[in-house]
Amino acid sequence: MSSIKLTKRQEEIVQIVKEDGPITGEQIAEKLKLTRATLRPDLAILTMAGSLEARPRVGYFFNKDKEKQFKATAFLDLKVNDYKGHPIVVQKSASVYDAIVQMFLEDVGTLYAVDSEGCLAGVISRKDLLRAAIGNKNLDDLPVSVIMTRMPNIITVKPEETMLQAAKKLVQNRIDSLPVVRELKEKPDTYEVIGRITKTTITKIYLEIVEQKSV
Ligand code: ADP
């Protein structure tokens, strides 16, 4: 992700323009108790970087759209492969009881069920387990394969996709997590689970981007 590290003075200028823009170079200089000439290089850099815009006879103003555009672009560049977390996997023959224990022990909200060959077979969310637990006494005898969301209905993401694509899939399908998968060459439509992307992954990246003092 490309960004320009601002000097303290440049940050002060951006802050002034954000609060008081449109504002002339002369007025910014006055606020900072500096001369217009001293400020000229900083203003030139900020204008070239696109964080400030200058209009003749109006002055400098803050370019909100440019900021938004930059951040969206930053999200676009990030690859799922670099942000994927460790997937927590259970056998699809495991009991609902064991899945609940596993979810607590691993502190995750979603488990991925695999078949005897280790390929993705299902997704088990908190609500799936709660639903199964209501009025069902024999959670030990109930395999997760009965209650999970099954293939081919699972929304997955590939390691080479972008985090923006992953975020869209999470929001559009109203789900909390996506298994990161690799299709087996020898078996089309059969997937190995190699990671997970959750809403928390997206929130962390969002914070990383907005907290960066970049323009
Ligand atoms: P919760 O049930 O804890 O609110 P989700 O919103 O992720 O969690 O799950 C809602 C439903 O969607 C559940 O039935 C779950 O099995 C299913 N689900 C979760 N993730 C996926 C996915 N990646 N693809 C398809 N279905 C999913």
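Order of appearance sets the numbers: ligands from 1, and atoms from 1 within every ligand. If you read the sequence from its start, that first residue is 1, and numbering goes on from there. Hydrogens, waters and symmetry mates are skipped; everything else that's a heavy atom, side chains included, is used.
The side chain to side chain contact (heavy atoms under 4.5 Å, CB included) test with Ile23 singles out one residue from Leu52, Val17, Val58, and that residue is Val17.
Contact annotation: the side chain of Met103 approaches that of Leu111 to within less than 4.5 Å [non-hydrogen atoms, C-beta and beyond]. A heavy-atom distance below 4.5 Å is found between the side chains of Gln91 and Val114.
Other residues, nucleotides and ligands contribute only 12 or fewer heavy atoms inside 6.0 Å of the CG atom of Asp107.
Annotation: ligand 1 has protein neighbours Val123, Ser125, Arg126, Lys127, Asp128, Thr149, Asn153, Ile154, Ile155, Arg174, Ile175, Asp176, Ser177, Pro179, each with a heavy atom less than 4.0 angstrom from the ligand.
In this structure, Asp115 does not pair ionically with Lys92, as no charged nitrogen and carboxylate oxygen lie closer than 4.0 Å.
A distance-only check finds no donor-acceptor pair linking the side chain of Glu11 to the backbone of Lys8 [under 3.5 Å].
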